[in-house]
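Everything numeric in this text was worked out from a predicted model, so none of it was measured. Counting starts at 1 for both ligands and their atoms, following the listed order. Heavy atoms only: backbone and side chains are in, while hydrogens, waters and symmetry mates are out.
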Amino acid sequence: MGLALESLRELERPFLLQLSHMGFVTGLLDAVGAPEGLRHKLLDCVRDKKCHELRAAAEEAGLSKQGADALCRLTELAGESDQVLAQADGMALNSAMSDALAELSAIVSALKDALGAERVLLDLSQVGDMDYYNGLVFRGYLDGLPRAVLKGGRYDPLAAQFHSGARAIGFALYLDELDRLPEEPQEEERTFLNIALPKGRLGDKVYNLLASVSYGCPEDYTDSRKLVVENPEAGIRYFLVKPSDVAIYVEHGAADVGIVGKDILVESGADVYELLDTGLGKCDMCVAGPNDFGENPDRTLRVATKFVDIAKDHFASKGRDIDIIKLNGSIELAPLLGLSDVIVDIVETGTTLRENNLKVLERFLPISARFIANRASYQFKHAEVARLLEKLTEVTQA
Ligand code: PRP
């Protein structure tokens, strides 16, 4: 840890260290009876803070409601270290969890002496790969960079493969991330939370909700072609972006948070936190085809879609061979003109399909707008992100 600290100090920029412990998380998975085969899936939801999906995964894993609640609470154990340690203490269900907390607590107090409390944060859901790390896990974030520049932890099982009983701890500094560091740190008079808002119907709905709880802007963005509008009093700045670009802005840290359809989020594969299902813009990702469609398993299926990766993953999971025809809109035309056999697209009311003599063959992914956050912004602007999340949760659940 000392060497990791020195490395970050050498960079002469404000930085944060974020710590977690595998023992706490695997201890919790044991305590709630998570089956081996579904642990990776549960842990992926925990790591992306996708509580809404975590509940469905927990149900699939046969967990009790209390078990699912405990895993969801884990996603909230983030922030100032004393506070998190106190909350986590009340959650420890076995000795593995208590031992992990005792170790974390000792490390945190040594680090706080060296760095000051505000630079040592805990986030107990940010654990590494279960097959690799087995104890302390840590990340270093540099102000101005959207992703962690330093990642490390304890990986005894790997070391033991080379020498029985060996123990190991290490870290990597990501030079490619450092290359993106701006020459001069950008000073802002105050901390603004930058929100990527999708232009169009969905963005308008979300904006109206936020405006109803004092997150609106004095100027009406629909009255002009302006792409940036702000409310300095609320510390909010909106970037009006193409819906398909929201996740990219957030992943790269150009915006701290954003609201994006699950379809676009999955298709982009963006590495972001998915903090809330707003329930807005509900529809389904479907396979659709002509009303008289008949499946011929001997032929490769021609699939027209905007959602290439989603379509490929879906048919791969069924072992069906397909050819993809990538289109950018009016997908429903493709089967009508014989360009494809079927389409993969979102269906909301079903009107477009009906009016073009097509029907849903399979619904396979429920879609709605998700509130997402950049991983570094979640650390550096934790209070601002948490406040907005709370407001959005309140208004969407009302
Ligand atoms: C989307 C989608 C379908 C339609 C589904 O199109 O691609 O065409 O909405 O909605 P419905 O079930 O209520 O009819 P969009 O309007 O985004 O235009 P696009 O053709 O450019 O994809």
Subject >> Enclosure of Glu390 CD (heavy-atom neighbours >12, cutoff 6.0 Å) >> reply: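 No, CD of Glu390 has 12 or fewer neighbouring heavy atoms, counting only those of other groups under 6.0 Å.
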
Original post:
If Ile, Leu, Val, Met, Phe, Trp and Tyr residues are connected whenever their side-chain heavy atoms lie under 4.5 Å apart, and connections chain through other members, are Ile372 and Ile367 in the same group?
Top reply: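 No, Ile372 does not connect to Ile367 through the hydrophobic network.
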
**OP:** Spell out, yes or no, whether Leu193 and Leu276 are grouped together once hydrophobic residues are joined by side-chain heavy atoms under 4.5 Å, including indirect joins.
**Re:**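 Both belong to a single hydrophobic cluster.
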
Original post:
Got a salt bridge between Lys50 and Asp277, using NZ or NE/NH1/NH2 to carboxylate O under 4.0 Å?
Top reply: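 Looking at Lys50 and Asp277, the cut-off is not met.
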
Subject >> Ion pair check, Glu274 and Lys262, cut-off under 4.0 Å >> reply: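 Yes, Glu274 and Lys262 are salt-bridged.
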
Subject >> ligand 1 atoms in contact with Glu332 (distance to a heavy atom under 4.0 Å) >> reply: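 Counting atoms of ligand 1 from 1, those under 4.0 Å from Glu332 are 3 (C), 8 (O).
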
Original post:
Which of the atoms in ligand 1, numbered in the order shown and given with their element, are less than 4.0 Å from a heavy-atom of Val347?
Top reply: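 In order of numbering, the contacting atoms are 12 (O).
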
**OP:** Return the option from Thr352, Asp284, Ile331, Asn328 holding the heavy atom at the smallest distance from atom 4 (C) of ligand 1.
**Re:**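 Nearest option to atom 4 (C) of ligand 1, by heavy atoms: Thr352.
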
Are the side chains of [Y] and [X] in contact, using a 4.5 Å heavy-atom criterion?
X: Thr396; Y: Phe371; result: no
X: Val287; Y: His314; result: yes
X: Phe171; Y: Lys151; result: no

Just to confirm my output: which protein heavy-atom neighbour is closest to [atom], and how far is it?
atom: atom 21 (O) of ligand 1; result: Gly329 CA, 3.7 Å
atom: atom 13 (O) of ligand 1; result: Thr349 OG1, 2.5 Å
atom: atom 20 (O) of ligand 1; result: Ser330 N, 2.8 Å
atom: atom 5 (C) of ligand 1; result: Ile346 O, 3.5 Å
atom: atom 18 (O) of ligand 1; result: Lys306 NZ, 4.8 Å
atom: atom 7 (O) of ligand 1; result: Asp345 OD2, 2.6 Å

Original post:
Looking only at N/O atoms, are Leu353 and ligand 1 under 3.5 Å apart anywhere?
Top reply: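 In fact, backbone or side chain, Leu353 has no N or O that close.
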
Original post:
Less than 4.0 Å between atom 16 (O) of ligand 1 and some protein heavy atom, yes or no?
Top reply: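 Flag for atom 16 (O) of ligand 1 set to false, no protein heavy atom closer than 4.0 Å.
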
